[in-house]
Amino acid sequence: MATSLITEIPIFVYSSQLRDIKLATDLDKLIVALNDGETEVYRTTLYSFDGIVSIYDIRDIAEIYMLDNDRCFTAFTFYYFDADGKELGSFNLNTVYCTHIMPVDAGIFASYNFLTTLTSKRIAPHSVDFLSILHGQERSEMKAHCVTVNGEGNTVSSVITLFDLGYDDIGIDTIRIRYDDILQKLTNQGNNVDKLLAYSVTWGDRVFTFYVHNVILDETFTFRNCFNVLETVSFPSVTTTKTKVERPVAVARSRYSFYDQTTTKEYEVQLSPLTMEEAHWIEQLFISHCVRLGVAAELSSLPIVLITDSSCEISDSNTDLNRVRFTWQFQDKAPHNLNVSITAPEDRIHQEQFTHQYQ
């Protein structure tokens, strides 16, 4: 009996749903290897039981490798050899990183969606966000279908082209979507724009909608979502800063003194009410392995933060609000000052009437 693959492998598979791989063989043992191109990720020798060789830990191997290399997609090749190292066969393992169990096949999901579990998002004016795509050999224009209010107060719909994207193979691309760029393209196209209300970004069959709301937001976080690609999150919230100082007291020559001082600064955030979709999605922020404060083209320029505690109460009741609270701190030990003013001196002169909080 020749060695053959028993497990059915789809064209694309989520890493969370990598099943145990089973091979039927008449040999006592097989050497198996997982490769990424010329790079050998894993190799081991397995012994057969009742003519079956089983591999159980393939998910952990694939996910650790993809995390270490900041990958969302890897075209692995799985090889199997006899005891002398002769290749008996191989198959492709096109793996899409995903920490969640998804109800839709990976290939189908990626064909009709950007790599996010959201279908829409609330944003503030002048914000920047990311949209990631898993593409094949495709070429299409990325467009923005915009809803604006003109100078006369009328609602107008317009379509602009953001990028002309073309790809020759399977891969991942992350696109920065800037509010200011869309506003500029609308103006260049001759639109009289007084206010931008919303815009839906499309590429092929993929659609994602941004709703613009004029609310002052707290901090924006950039994080790697369940697909290990970049997303941003920012909602209206209330932030409480908690500073804790620990310093033992010593007595020397009848005098007290402090030593070994440690300062911990944490930020407790209470988010405004969220929709059901937003509440389920924001859980990905709490379990992300990479969270940074702010948004920038160069991710490494942003400070790393740690989500130290989180509470997410999600209810499908029509009367209860979805409540989300979390606590974060900077990875750096030194306290950060988030309130330093960079405005000109004349802009820092207080000219408003005193409110109750100053009286």
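The structure places CD1 of I101 at 11.0 Å from SG of C226, a figure rounded to the nearest 0.5 Å. Rounded to the nearest 0.5 Å, atoms OG1 (T327) and CD (Q270) are 10.5 Å apart. Rounding to the nearest 0.5 Å gives a distance of 9.0 Å between OG1 of T148 and CG of D194. Atom CG in L115 sits 11.5 Å away from atom CG in L230 (nearest 0.5 Å). We find the CG-NE2 distance between L274 and H280 to be 11.0 Å, quoted to the nearest 0.5 Å. Taken from CG in N150 to NZ in K195, the straight-line distance is 12.0 Å, to the nearest 0.5 Å.
Listed by chain and residue number, nothing satisfies the salt bridge (charged side-chain N to carboxylate O under 4.0 Å, His left out) test with E219 (two or more places apart in sequence, or in another chain). The side-chain contact (heavy atoms from CB on, under 4.5 Å) test applied to D173 returns I133, H135, Y167, I175, not counting sequence neighbours. Qualifying ring-ring contact (aromatic ring centres under 6.0 Å, His included) partners for Y65, counting only residues two or more places apart in sequence or in other chains: F76. Every residue two or more places apart in sequence or in another chain that forms a salt bridge (charged side-chain N to carboxylate O under 4.0 Å, His left out) with K244 is listed here: E246. Residues passing the ring-ring contact (aromatic ring centres under 6.0 Å, His included) test with Y79, sequence neighbours excluded: none. For K242, the salt bridge (charged side-chain N to carboxylate O under 4.0 Å, His left out) partners at least two apart in sequence or on another chain are E268. Scanning for ring-ring contact (aromatic ring centres under 6.0 Å, His included) contacts around F114 gives an empty result, with sequence neighbours left out. For F223, the ring-ring contact (aromatic ring centres under 6.0 Å, His included) partners are W281, not counting sequence neighbours. Listed by chain and residue number, K143 satisfy the salt bridge (charged side-chain N to carboxylate O under 4.0 Å, His left out) test with E141 (two or more places apart in sequence, or in another chain).
For residues 88-114, no residue pair satisfies the side-chain hydrogen bond (donor to acceptor under 3.5 Å, both in side chains) rule, not counting sequence neighbours. Within the structure, side-chain hydrogen bond (donor to acceptor under 3.5 Å, both in side chains) contacts touching residues 176-190 (residues at least two apart or in different chains) are H126-D180, R178-D181, Q184-N188. For residues 33-43, every residue pair satisfying the salt bridge (Lys or Arg N to Asp or Glu O under 4.0 Å) rule, not counting sequence neighbours, is listed here: D36-R71, E40-R43.
At least one donor-acceptor pair closer than 3.5 Å links the side chain of S272 to the backbone N or O of P236. Using modelled atom types, no side-chain atom of Q284 and backbone atom of N225 make a donor-acceptor pair closer than 3.5 Å. The closest donor-acceptor contact from the side chain of R247 to the backbone of S257 lies at 3.5 Å or more, if one exists at all. Under a 3.5 Å cut-off, the side chain of N191 and the backbone N or O of V193 do not form any donor-acceptor pair. Between the side chain of Q331 and the main chain of V305, no donor-acceptor pair closer than 3.5 Å is present. Using a distance-only test at 3.5 Å, with no hydrogens or angles considered, a donor-acceptor pair links the side chain of E278 to the main chain of T275. Of the possible polar contacts, none joining the Y199 side chain to the V212 backbone as a donor-acceptor pair under 3.5 Å is found. A distance-only check finds no donor-acceptor pair linking the side chain of T222 to the backbone of T232 [under 3.5 Å].
Looking at Q329 and T264, their side chains never bring a donor and an acceptor atom within 3.5 Å of each other. Counted by atom type alone, N35 and T77 present zero donor-acceptor pairs between their side chains at under 3.5 Å. No side-chain donor from either of S120 and T209 sits under 3.5 Å from a side-chain acceptor of the other. Remark: the T7 side chain and the K22 side chain contain no N/O donor-acceptor pair separated by less than 3.5 Å.
The aromatic rings of W328 and Y267 lie parallel to each other, with less than 30° between the two planes, well short of the 60° mark. Note: Y80 and F91 have tilted aromatic rings, judged against thresholds of 30 and 60 degrees for the angle between ring planes.
Proximity of L271 to F326: side-chain heavy atoms (C-beta onward) are separated by under 4.5 Å at one or more points. A heavy-atom distance below 4.5 Å is found between the side chains of I58 and L93. Between F81 and K86 there is no side-chain heavy-atom pair separated by less than 4.5 Å. In this structure, F163 and W203 have side chains that are not in contact, with every pair of non-hydrogen atoms separated by 4.5 Å or more. Taking the side chain as every heavy atom from C-beta outward, F210 and L131 approach each other to under 4.5 Å. For the pair V291/L306, no side-chain contact is recorded, criterion being any heavy-atom separation below 4.5 Å from C-beta on. The shortest side-chain heavy-atom distance between I170 and L134 falls under the 4.5 Å cut-off. Residues E266 and T240 are not in side-chain contact: their nearest non-hydrogen atoms beyond the backbone lie 4.5 Å or more apart.
When every heavy atom of I55 is checked against every heavy atom of L46, the shortest pair comes out as CG1-CD1, 3.3 Å. Residues C312 and A279 come closest through the heavy atom pair SG-O, 3.8 Å. When all heavy atoms are compared, the tightest approach of P248 to D260 is CD-O, 3.8 Å.
Between F130 and the options V229, I177, V295, a side chain to side chain contact (heavy atoms under 4.5 Å, CB included) holds for only V295. Of the candidates K121, R292, R224, E231 forms a salt bridge (Lys or Arg N to Asp or Glu O under 4.0 Å) with just one, namely K121.
Counting heavy-atom neighbours within 6.0 Å of D332 CG, excluding the residue itself, gives a total above 12. Within 6.0 Å of the CZ atom in R59, the count of heavy atoms belonging to other residues, nucleotides or ligands exceeds 12. Within a 6.0 Å radius of CG in D28, other residues, nucleotides and ligands contribute 12 heavy atoms or fewer.
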Can you list the steps and then say if F49 with Y47 is a ring-ring contact (aromatic ring centres under 6.0 Å, His included)? CA-CA 7 Å; F49 180 76; Y47 291 84; over 10 Å; no
- Message: Run S15 and E63 through side-chain hydrogen bond (donor to acceptor under 3.5 Å, both in side chains) and show every step you take.
- Response: CA-CA 7 Å; S15 63; E63 287 189 343; 2.7 Å; yes
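In the hydrophobic clustering of ILVMFWY residues, with side-chain heavy atoms under 4.5 Å counting as a link, L196 and V156 come out apart.
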